[in-house]
Amino acid sequence: MVALQGAEVQLGCLDEQGRDARALVAAVVGAEDYALLDDDGRVQDAVRVADTSGLSLLSEAERAAVRDWERHLREIDEGVPPDAAEGTVPRPGYDPARFTVRQRIATKAAELKALGFKSSSVSTIERRRRAYQARGVFGLVREVVTGSPWGRTDDRVVRLLLAEVEAGRDESDGHGTRLYERLQAAVEREHPDEYDRLMISRATFYRLLERLGIAVDSLRWPTQRRMDAANGATPPYTPTWALRLGEQVQIDSTGLDIIAVGDDGRPVQVELTAAIDVASRSIIGAMIVPKVPGRGPRGRRLGGRGTRSFDAVLMLAQALAPIPGRPGWSPSAMAERSEMPYADLVACDPRMAGAAARPVIRPRMIVVDHGKIFNSEHFDDVCRMLGINVRPARTRTATDKAVIESTFGAVKKRFSQYVAGYTGSDLARRGKHVAEGPLWSLNELQDLLDEWIALDWQQTPHDGLRSPFLPGITISPNRMYATLVAAEGHVPLPLTPHENRKLLPFKRLKVTDTGVTIDNRTYNSKALQEYRNRHSQIPGQGMRW
């Protein structure tokens, strides 16, 4: 059959005179050798019978709902319900001879609404009527009976999958492919006669994992899975997001994997405490402090946490004030050479003149872990005084502050490994005689880090940042800051030296020839020596003279 026009059909052959063969449709369809072929040339059944065996799997209430809807739909098409006696007159509004299909559907919608049906709109009735006409009761089952959370997959397959996931909780990491192969083996073992009907495809398998809330990446981290089970955590986790500058700032501390020259001239490992704004991915504060060496059995030196609460407070002070550019820095590290709206910022805050290309963002909420550094009364009091809310992350749940954790990894990869004195993350990765080579002092290392943040981190496109105008383009933290600050504005919070001193705790210390020692730092200056050999109440922790 080549073409169909009215009651005549054109065939793909020639008659005796060499012309296109033409015949009546009735003659062609009525021929004994007439058959309908599919795209592959195989004979296709003229009539398809819907599989209604699924009705036996439904509950009594579900079957009643399907049959009830079938009764209503047949009344729309035929005018009377299927169980009506012969000669029954159609009810008002359902006579096919007087009312159109749309009018009968509208009447049925009003009736179902009065009866209290939840799904009684005209569009719902039209959709279910089309499904019933196309596939009979089986098509109506898919419309009326609410599907399971896992779609069309058999419940037995879902139970086997969950059992395999639970069995692999204590095993080493593995990919989703291994879990899929184990599911195949389980279905073959438990239901060999129904394997072909029950087993799902690989694509359906991954969609099923998503429906069940099982992240494929979680299969590769057995330690995290065990901790989640112990803490009662259930995936998926709430993602970290923020739409405004300072809406969420994450703070944490980590070893910087670098050895520096301490105040006493000896090599010392250092620790980094940083704050990052989630919305713009800007590092708004970073403080390097030496770790505290301890003594273990037989005099062995042990490392310790060097950051104190006042170090975290000083880092907050960095976030509230611009960092001035320093001699020797690259000109590209200055705000006036960056993507920041320099002219507008200087007009708003004169302190931005000559500042580094690092934005000033006032935190509205800070996310911290359960370390004693951030749970001290001093740190909490300072945050309250500055109008900052403090929210602790969940125990053993690094995803609550995933942005700062990822930032630390990037800092070690893009900064630490290029600095003299780099040690690696553990002894297995450490080079020989690292402490005997050239090392930076603590202040020089802090200066290098500040320049790197302004020059590299703030001006390099970040994978987690997209332009609001061109979502396919990644942008830098400074460009994202410029976009957000243009929308919400910038109100500086300049603190006077007297107000800054209020942020620091006080101690009574004795000034000696070498100055004063506060925890793991030594401070000295000519002005401080004026208080030599006498006790004075001084703002000791964190102040430099």
Kindly check if the number of other-residue, nucleotide or ligand heavy atoms within 6.0 Å of CZ (Arg466) is above 12? yes

Indicate yes or no for a side-chain donor-acceptor contact from Ser406 to the backbone of Ala402 under 3.5 Å, with no hydrogens or angles considered. no

Looking only at the side chains, is there a donor atom on one of Asn478 and Gln459 sitting less than 3.5 Å from an acceptor on the other? no

Considering all heavy atoms of both residues, which atom of Tyr422 and which atom of Val434 are nearest to each other, and what is their separation? O-CG1, 3.6 Å

Salt bridge present between Asp400 and Arg391 (N-O < 4.0 angstrom): no

Considering all heavy atoms, the nearest Ala319-Val360 contact: O-CG1, 3.3 Å

Could you please spell out the steps behind the side chain to side chain contact (heavy atoms under 4.5 Å, CB included) verdict for Ile76 and Tyr132? CA-CA 12 Å; Ile76 293 175; Tyr132 180 71; over 6 Å; no

Compile the donor-acceptor pairs under 3.5 Å between side chains in residues 467-477 and protein atoms, sequence neighbours left out, one pair per line.
unit_1: Ser467; atom_1: OG; unit_2: Phe469; atom_2: N; d: 3.3
unit_1: Ser467; atom_1: OG; unit_2: Leu470; atom_2: N; d: 3.3
unit_1: Ser476; atom_1: OG; unit_2: Glu339; atom_2: OE1; d: 2.6
unit_1: Ser476; atom_1: OG; unit_2: Arg479; atom_2: N; d: 3.2

Test item: Arg202 and Thr177 side chains (from C-beta on) under 4.5 Å apart, heavy atoms: yes

Non-hydrogen side-chain atoms of Val165 and Leu179 separated by less than 4.5 Å: yes

Please check if the side chain of Ser416 supplies one atom and the backbone of Leu256 the other of a donor-acceptor pair under 3.5 Å. yes

Ion pair check, Arg67 and Glu70, cut-off under 4.0 Å: yes

Any Ile388 side-chain heavy atom under 4.5 Å of Val249 side chain: no

First locate atom CD of Gln417, then atom NZ of Lys412, and finally report the distance between them rounded to the nearest 0.5 Å. 12.0 Å

Can you tell me if Arg414 uses its side chain to pair, donor with acceptor, with the backbone of Val411 under 3.5 Å? no

After noting the C-alpha distance and the side-chain angles of Glu75 and Arg104, does the key distance pass the salt bridge (Lys or Arg N to Asp or Glu O under 4.0 Å) rule? CA-CA 9 Å; Glu75 185 177 17; Arg104 299 199 297 273; over 6 Å; no

One pair to check against side chain to side chain contact (heavy atoms under 4.5 Å, CB included): His462 and Met480. What are the steps and the verdict? CA-CA 10 Å; His462 193 288; Met480 178 59 77; over 6 Å; no

Please check: side-chain N/O of Gln248 versus main-chain N/O of Ala242, any donor-acceptor pairing under 3.5 Å? no

What are the two closest non-hydrogen atoms of Ala454 and Ala333, and how far apart are they? CB-O, 3.6 Å

Side-chain donor-acceptor pair under 3.5 Å between Gln269 and Glu271, yes or no? no

Between Thr407 and Gln250, is any pair of side-chain heavy atoms under 4.5 Å apart? no

Does any part of the side chain of Ile288, heavy atoms only, come nearer than 4.5 Å to the side chain of Ile258, both counted from C-beta? no

Run Arg156 and Glu190 through side chain to side chain contact (heavy atoms under 4.5 Å, CB included) and show every step you take. CA-CA 9 Å; Arg156 292 171 289 179; Glu190 300 294 334; over 6 Å; no

Measure the CZ-CD1 distance between Arg281 and Ile276 for me, rounded to the nearest 0.5 Å. 6.5 Å

Reported CD1-to-CD1 distance for the pair Ile453 and Ile283, which is rounded to 0.5 angstrom: 4.5 Å

For the side chain of Gln103 and the backbone of Phe99, is there at least one donor-acceptor N/O pair under 3.5 Å apart? no

Would you compute the distance between atom OG1 of Thr273 and atom CD1 of Ile251 and round it to the nearest 0.5 angstrom? 9.0 Å

Looking at Ser201 and Tyr180, what are the two nearest heavy atoms and their distance? C-OH, 3.6 Å

Tell me yes or no: between the side chains of Ser282 and Gln458, is some donor less than 3.5 Å from an acceptor? yes

Flag side-chain contact, heavy atom, 4.5 Å: Ile125 against Leu73: yes

Close side-chain approach of Leu112 and Trp69, heavy atoms under 4.5 Å: yes

Tell me if a side-chain donor or acceptor on Gln184 pairs with a main-chain N or O of Met199 at a distance below 3.5 Å. no

Check the pair Ile404 / Val367 against side chain to side chain contact (heavy atoms under 4.5 Å, CB included), numbers first and verdict last. CA-CA 10 Å; Ile404 187 64; Val367 178; over 6 Å; no

Rounded to the nearest 0.5 Å, the CZ atom of Phe205 sits from the CG atom of Leu183 at a distance of 6.5 Å

Heavy-atom closest contact (Ala279 atom, Leu465 atom, distance): O-CD2, 3.7 Å

Aromatic ring pairing Phe415/Trp452, orientation class (parallel under 30°, perpendicular over 60°, tilted between): tilted

Nearest 0.5 Å, please: how far is CD in Glu488 from OG1 in Thr483? 11.0 Å

Quickly, which of Val270, Val419, Leu272 forms a side-chain contact (heavy atoms from CB on, under 4.5 Å) with Leu449? Name it, please. Leu272

Please answer whether the main-chain N or O of Gly246 pairs with a side-chain N or O of Asp277 as donor and acceptor at a distance below 3.5 Å. yes

So that I can tick it off, tell me whether Glu111 and Lys108 are bridged by a salt bridge, with the cut-off set at under 4.0 angstrom between side-chain N and carboxylate O. yes

Residues Pro363 and Ile366: closest non-hydrogen pair is CB-CG1, 4.1 Å

Is it true that a side-chain atom of Thr124 and a backbone atom of Ser120 form a donor plus acceptor pair closer than 3.5 Å? no

For the residue pair Glu78 and Pro96, establish whether any side-chain heavy-atom pair is separated by less than 4.5 Å. no

